[in-house]
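The structure appears right after this line, and notes come after that.
Throughout, protein chains are lettered first and strands after them, A, B, ... in sequence-line order, and every chain is numbered starting at 1.
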Amino acid sequence: MFTLQKKCGNARRGELTTVHGTVQTPAFMNVATCGAIKGGLSAFDLKEIGTQVMLCNTYHLHLRPTDAVVKQLGGLHKMTKWDSVILTDSGGFQVFSLAKLRNIKEEGVYFNSHISGAKIFMGPEQSMQIQSNLGSTIAMAFDECVANPSEYSYTKESAQRTTRWLVRCIDEMKRLNSLDDTINKEQMLFGINQGGIYNDLRIEHMKEIAEFDLPGYAIGGLAVGEPAEKMYEIIEDVEPFAPQNKPRYLMGVGTPVNILEGVYRGVDLFDCVMPSRNARHGHLFTWDGIININNKKYELDESPIDKSCDCPTCKNFSRAYIHHLIKADEMLGMRLAVRHNLHFYNELMQKIRDSLDDGTFESFYNKYKDILCNRI
RNA sequence: GGGAGAGUUCCCGAGUGGCCAAAGGGGGCAGACUGUAAAUCUGUUGGCAGUGCCUUCGGUGGUUCGAAUCCACCCUCUCCCA
């Protein structure tokens with residue numbers, strides 16, 4: 001259940017209540033594709049850095065360790081020791097990113113496993129079954145994230161198929177939630193808006209899926225190569241047709257500024273691999289802008305990554321040490337960097353929520369939309 | 001003391017007359033990364049300088065139109081026999 005508490009222009013402050021706890025929105029979900037944050041963070045680390053939602057992936061967990069194993073282990077919550085909200089992505093993004101290994105049909109998608117090469121089939125029902133076995137709090141509808149650029153006619157056809165798939169997801173989830181041995185019988189299903197870069201298709205599709213009165217709606221298929229301005233424009237065009245009393249989730253986005261711009265336009269939830277992946281590569285976010293800790297200038301820099309940050313990394317370790325660790329390919333370097341970046345994202349969301357609460361979002365937005373892009 | 005082999009750009013290492021400022025790797029420097037096939041990928045790595053010049057393949061001299069490559073001597077290192 002979602003409660004919209006306050007609006008500031010189009011920006012929204014809300015609360016999403018689930019069986020695994022309440023999520024204060026706007027929120028950034030931390031990506032743990034295979035059940036762990038890459039870079040070596042556990043559920044305990046996530047608690048320490050203020051994470052509200054962990055995001056795992058259906059396709060990856062289906063291949064390894066398999067959803068059957070996860071179910072036997074009691075579900076993702078029990079397996080990972082993360083007792084708060086888990087959102088599972090449906091595998092729809094892998095339909096896009098594993099383009100060379102798949103074949104899309106009406107019934108679903110035929111993949112070749114990127115691990116073993118084995119043939120696998122995933123359709124809406126399979127995706128729902130896997131997500132049910134994983135026992136996540138929120139399941140995502142099985143969709144197709146079309147590549148950019150894609151032809152208008154193909155994008156339209158794909159969006160219509162995604163709607164037909166959504167109907168099948170809804171039916172299958174209803175069935176699964178009523179079974180006796182289902183781990184989370186309160187599993188929620190979010191629909192996903194598609195339509196590529198064609199605003200009319202986006203609007204048409206959002207209107208269609210809004211009809212189903214789902215507990216949440218995502219905007220998918222963005223930040224796949226189109227200019228950021230185009231992404232913002234699509235959010236603005238689609239937002240009026242997304243139900244006001246339901247959370248809106250902008251999938252796979254993005255940079256701190258993308259998130260700020262998204263909140264500004266009415267988005268409540270985000271997720272992105274950027275803070276963790278970039279951290280592993282030495283690209284760190286600070287309140288003064290972005291630094292590349294690999295750069296020689298940090299070799300003797302004894303200050304923390306961000307002097308105003310109170311994450312466990314910044315409270316204890318210097319830029320010089322992290323610089324050394326990452327250059328030396330030490331696991332600890334990646335771990336410290338990932339912990340900082342995710343903390344930064346979580347803190348960004350906290351500051352956004354605070355500014356919405358006390359009515360200063362507009363000035364927060366104006367202050368940080370440029371600073372966060374700085375390269376320092 | 002005798003014999004065999006080796007010394008290449010920051011390092012390892014290819015190259016045995018011109019297409020060589022010199023493969024490849026490492027390291028260095030920088031960049032990319034947006035529902036994670038990503039602890040990955042890309043660029044660059046002698047100096048000047050607008051496709052040209054200069055310096056460089058242990059040292060010195062030589063052969064040649066032309067040498068990292070051939071010859072002589074020297075220096076250093078490794079291995080084998082005494």
Within the stacking criterion (centroid distance below 5.5 Å, interplanar angle below 30°), does A/His60 stack on B/U36?
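A/His60 ring does not meet the centre or angle cut-off for B/U36; no stack.
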For [N], give the paired nucleotide (Watson-Crick: N1-N3 plus N6-O4 or O6-N4; G-U: N1-O2 and O6-N3; both under 3.5 Å), or none.
N	result
B/U34	none
B/G1	B/C81
B/C70	B/G62
B/G17	none
B/U76	B/A6
B/C48	B/G52

Residue met sooner reading RNA chain B from 5', once A/Val146 and A/Met331 are mapped to nucleotides:
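Going by which nucleotide is closer to the 5' end, it is A/Val146.
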Starting at the 5' end of RNA chain B, which residue's closest nucleotide do you reach first, A/Phe93 or A/His323?
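Going by which nucleotide is closer to the 5' end, it is A/His323.
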In whole angstroms, how far is the [atom2] atom of [N] from the [atom1] atom of [X]?
X	N	atom1	atom2	value
A/Leu87	B/U36	CG	P	10 Å
A/Ile130	B/G35	CD1	P	20 Å
A/Phe190	B/G35	CZ	C1'	13 Å
A/Asn341	B/C33	CG	C1'	12 Å

Would you say [X] reaches [N]'s phosphate, i.e. side-chain N/O to OP1/OP2 under 4.0 Å?
X	N	result
A/Gln94	B/G35	no
A/Asn292	B/A30	no
A/Arg277	B/A39	no
A/Asn294	B/G28	no
A/Arg280	B/C41	no

Residues [X] and [Y] bridged, charged N to O under 4.0 Å:
X	Y	answer
A/Asp268	A/Lys246	no
A/Arg164	A/Glu106	yes
A/Glu239	A/Arg265	no
A/Asp83	A/Lys47	yes

How far apart are the C-alpha atoms of A/Tyr152 and A/Tyr198, what are their side-chain angles, what is the distance that settles it, and do they pass the ring-ring contact (aromatic ring centres under 6.0 Å, His included) test?
CA-CA 7 Å; A/Tyr152 184 89; A/Tyr198 305 105; 5.0 Å; yes
**Q.** Check: A/Ser97 side chain, B/U36 base, donor-acceptor under 3.5 Å
**A.**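 For A/Ser97, whose side chain was compared with the base of B/U36, there is no donor-acceptor pair (under 3.5 Å).
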Subject >> Distance-only donor-acceptor test, A/Asn57 side-chain atoms vs B/G35 base atoms, 3.5 Å >> reply: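 Not at all, since no donor on one side and acceptor on the other fall under 3.5 Å apart.
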(Q) Looking only at the side chain of A/Asp89 (C-beta and beyond, no hydrogens), which of the listed nucleotides B/U36, B/C33, B/U34 gets closest? (A)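 Per side-chain heavy atoms of A/Asp89, the pick is B/U36.
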**Item:** A/Tyr249-A/Asp271 side chain donor-acceptor pair, cut-off 3.5 Å
**Value:**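 A/Tyr249 vs A/Asp271: donor-acceptor pair found between side chains.
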